[in-house]
Amino acid sequence: MADLHVKVAGVSFKNPVIPASGAFGFGREYEKLYPLSRLGGISCKGTTLNLKDGNPPPRIAETPSGMLNSVGLQNPGIDHFIEVELPYLMQKDLTIIANVAGSTVEDCIEIAHRLEGTAVDMIELNISCPNVKQGGAAFGTSPEMAASVTRAVRNATTKPLMVKLSPNVTSIVDIAKAVEAEGADAVSLINTLLGMRIDINTRRPILRNNVGGLSGPAVFPVAVRMVWQVANAVKVPVVGMGGIASGKDAIEMMMAGASAVQVGAAIFADPYAPIHIIDEMNEWLDEHGIASVNDIVGTVQPW
Amino acid sequence: MAYIQDVFPIVQKKNLAKNIFDLTISCPHIAAEAVPGQFVHVKAPGFQLRRPISICGIDKVKGTIRIVFEIRGEGTEKIAGLNPGDLIDVFGPLGHGYTILPPESKVVVIGGGIGVPPLLQTAAAYGKNATAIIGFRNAAAVILKEDFEKNGARVILCTDDGTAGVHGFVTTALEKLLAEEKPDLICACGPMPMLKGVAAMAEEKGIACEISLEERMACGVGACLGCACKTVKNGVEGYSHVCKDGPVFNSKEVRF
C-alpha cells in the first residue's frame, strides 16, 4: 500500500484524485455508489453569486473519444452552496474545493467574502468556463485580465487560492505566470477546449449554444503537454486534469508535473472512475516499489 | 434508493422490427429496485457516453429487466450487436418513473414508435383497467402489441398509413376515447409534438397526465446538468433535468 497522501498549497488530500468541477455536482448522487470519503477531495460545481439557469438544451454532444458540453454554469448560487451543500459535504471526510465562477470581478470578490469562515478548504477560481458570455474564459484569455481578477480575489480571501486555467489561449504559460505573480497558491488545468459539432442533415450545430467545451480522453495529450509546460514555468503546485480515465493516465499526468489530478468526463463513462483510478494508482506504485505518490511528481525525463 | 453499475449477462435477444432490438438482462439488484418509467444507462463499447434506454419490462422474480431500443447511431448499433451470453454494462435504475395508482384505476398509456416500450410495464400495473393507444409508421414497425394484450390491456393500434389498426395518429384515437371516457391518469411517451398534443387534451379535460421526455445526456444521475428541459415548478420557470427530475414529468410542469 503506497502512501497516496498529497498536499497542494498546504491543503491536505488523502489521495490525489479529485472529481472535477461540473462533472460531479456536489457529490450527493455518487454517494449512492460509494462513500465520498474514498476521494481525495471534491471540486464542487462552479458557483455564481446568484442562482444561474444555464444554457438552453441540447447541452451535450458526443465526439470521438470525448464529448462537448455547454451547460453554462447552471448552479443554485453561493448562498445555497453554503447553507445546503457545504454542511452535507462537511460530514463526508474529504477535502472541499469551492469553484468560484462569478460573472464579474465584483461577483468573484463577493463570493470569496461569503466563503470566508466556512469549512471550504480551498478556492478554485474559474477564469476559464467557455460556455458563459460574462466572466469565465473572458477573464482567462488575457494575462492582464487573469492577473486582475486573481489579485481581486486574493485580496478578498484568506483561503488557499487555486486558479483554473483555460487552454483556449496562445500561451497558457503566460497566464499561469500572471496569476502566480498575483498570489495564486496553485493553478489547475486544463478546462475544456472550445469545440463544435454540426448535424449535417439539419445543418444545425448539435449544441443550442453552437459551441461548447471538449473533454474526455481526446484532450488528454493536450492536457499533459500544458501541465508539463506550466509546471516547468511556475513555482506553485499544478493540479492536472483533462481526459484522465485510468490510474496510468493519472500517473502520467503527475509525472508531467501535477501534484494532484482532477477527473471529469471519465465519470460519465464509468461512475466509479475516481475509485478505480485511486486503486490503479496504488497498484502501479506498489508494482514499481514506489513508496509515495509524491515521488513521481514531475519526474518525466524530457529528451 | 441505491444505484447499481456493473456488467450483467444478456439472457435473451430479439429483433422486433427493423432496427428495433429487445434485450433481456439478468440483473437481480436492478430488477428489484426498478419501477415503471425509469431507465438504465447502457455503455456502448468504445463510446464515451452511455445511452439512456427506458426499461420496458421488470421481472422481479426472475431478476431480469427488458430493454427495447432503436438503432439511432453507431453507439446503439454496438449495443444491438451484443448477443445472449455477452455481458452488458448497465447503470441503473435511474430517474423518476410514472406514478402508479391503485390497480383498479383506469389508466390510458399512449405512445408513438420507440416511445411505446416504457409504457408496457406501466400498463401491466393496471391489467384490464389499462388502455394502450400505440402508434407506428406502418404495420411492419408495430412492436409489443401482443405483450400489452397478454397483460390484459385493451389495445388501440394506430398506424400512420393505415396498414394495421386504425389509420391515423394516436392523438386522434385519444381524442375519440376521451369523448366517451374519463381515465384517472394518462401516461405518454413519444415524439414532442405528440406529447404536446396529449398534454393539451388532458389539460382541457382535467385529467392528470405524465409524459416521458428524452434529451442528450451525460452522467444520468443529475450531477452534470447536461440533459436540461424547461419546466415550471411552483410558478418558477427554469431548467429541470431529464435524468433525475424525469424522465417522467407531470405534463403541466413541462414548457414545450
Side-chain angles (χ1 to χ4, degrees), chain A residues 19-34 42 44-46 51-76 197 199 206-208 212 214-218 243 245 264-273 275, chain B residues 1-7 29 33 40-52 72-76 78 89-95 192 213-233 236-246 254-255:
Chain A
S21 181
F24 207 70
F26 300 100
R28 290 177 188 271
E29 291 77 17
Y30 293 94
E31 176 96 344
K32 293 181 180 182
L33 288 162
Y34 42 83
I42 177 173
C44 294
K45 173 68 189 176
L51 173 150
K52 193 169 169 72
D53 257 353
N55 290 328
R59 295 175 173 182
I60 302 286
E62 196 169 40
T63 66
S65 292
M67 60 179 286
L68 295 172
N69 89 80
S70 64
V71 170
L73 283 175
Q74 181 173 9
N75 79 92
R197 293 301 305 270
D199 180 331
I206 290 175
L207 298 174
R208 186 69 173 72
L214 178 65
S215 60
I267 296 167
F268 308 148
D270 172 11
Y272 283 94
I275 304 299
Chain B
M1 199 171 61
Y3 295 145
I4 297 129
Q5 180 269 322
D6 210 334
V7 291
H29 292 99
E33 296 265 351
V40 287
H41 221 15
V42 180
K43 183 105 177 78
F47 287 81
Q48 167 69 22
L49 296 177
R50 289 171 178 264
R51 269 54 182 172
R72 291 264 183 97
E74 292 168 23
T76 38
K78 273 273 190 213
D89 182 339
V90 180
F91 180 22
L94 303 176
M192 257 335 217
L213 303 183
E214 65 176 354
E215 186 49 70
R216 288 171 182 270
M217 193 179 283
C219 76
V221 293
C224 78
L225 312 183
C227 55
C229 61
K230 190 140 257 187
T231 55
V232 179
K233 291 189 175 180
V236 182
E237 193 173 281
Y239 287 115
S240 292
H241 298 92
V242 169
C243 69
K244 191 180 188 183
D245 307 309
V254 176
R255 274 276 181 273

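Given the structure is predicted, the values throughout are model-derived calculations rather than measurements. Quick note on labels: first sequence line is chain A, next is B, and so on, each numbered from 1. Computation of the quantities below employed the complete heavy-atom set of this structure, encompassing side-chain atoms and omitting hydrogens, waters and symmetry-equivalent molecules.
Contact detail for B:Ala223 and A:Ala23: the closest heavy-atom pair is CB-O, 4.0 Å. Between B:Gly222 and A:Glu29, the shortest heavy-atom distance links the atoms O-OE2, 3.6 Å.
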Query raised in the report: Under the side chain to side chain contact (heavy atoms under 4.5 Å, CB included) criterion, do A:Met67 and B:Arg216 qualify, and how do the steps go?
Result: CA-CA 11 Å; A:Met67 60 179 286; B:Arg216 288 171 182 270; over 6 Å; no

**Report entry** Check against side chain to side chain contact (heavy atoms under 4.5 Å, CB included), A:Lys45 and B:Leu225
**Finding:** CA-CA 10 Å; A:Lys45 173 68 189 176; B:Leu225 312 183; 4.3 Å; yes

**Report entry** Steps toward side chain to side chain contact (heavy atoms under 4.5 Å, CB included) verdict (B:Glu74, A:Glu62)
**Finding:** CA-CA 11 Å; B:Glu74 292 168 23; A:Glu62 196 169 40; over 6 Å; no

**Report entry** Stepwise side chain to side chain contact (heavy atoms under 4.5 Å, CB included) test for A:Asp270 and B:Lys43
**Finding:** CA-CA 9 Å; A:Asp270 172 11; B:Lys43 183 105 177 78; over 6 Å; no

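Counting heavy-atom pairs closer than 4.5 Å to chain B, the top-ranked of the candidates A:Asn55, A:Asn75, A:Thr63 is A:Asn55. By number of non-hydrogen pairs under 4.5 angstrom with chain A, the leading residue of B:Gly75, B:Ala218, B:Gly46, B:Gly73 is B:Ala218.
Both the backbone and the side chain of B:Gln5 have a heavy atom closer than 4.5 Å to some heavy atom of chain A. Interface residue B:Tyr239: backbone and side-chain heavy atoms are both found under 4.5 Å from chain A. Using a 4.5 Å cut-off between heavy atoms, A:Asn69 does not touch chain B at all. For A:Phe26, no part sits under 4.5 Å from any heavy atom of chain B, backbone or side chain. Only the side chain of B:Lys244 comes within less than 4.5 Å of a heavy atom of chain A; its backbone N, CA, C and O stay farther away. Looking at A:Ala265, the atoms closer than 4.5 Å to chain B (heavy atoms on both sides) sit in the backbone and in the side chain alike. Heavy-atom distances place both the backbone and the side chain of A:Pro56 under 4.5 Å from chain B.
The neighbour count for A:Arg28 CZ, taken as heavy atoms of other residues, nucleotides or ligands under 6.0 Å away, is above 12. Shown here is B:Lys78, whose NZ atom has no more than 12 heavy atoms of other residues, nucleotides or ligands within 6.0 Å.
The side-chain heavy atoms of B:Cys224 and A:Phe268, taken from C-beta on, include a pair separated by under 4.5 Å. Side-chain contact between B:Gln48 and A:Ser65: absent, with no pair of heavy atoms (C-beta onward) separated by less than 4.5 Å.
Between the CD1 atom of A:Ile60 and the SG atom of B:Cys227 there is a distance of 8.0 Å, given to the nearest 0.5 Å.
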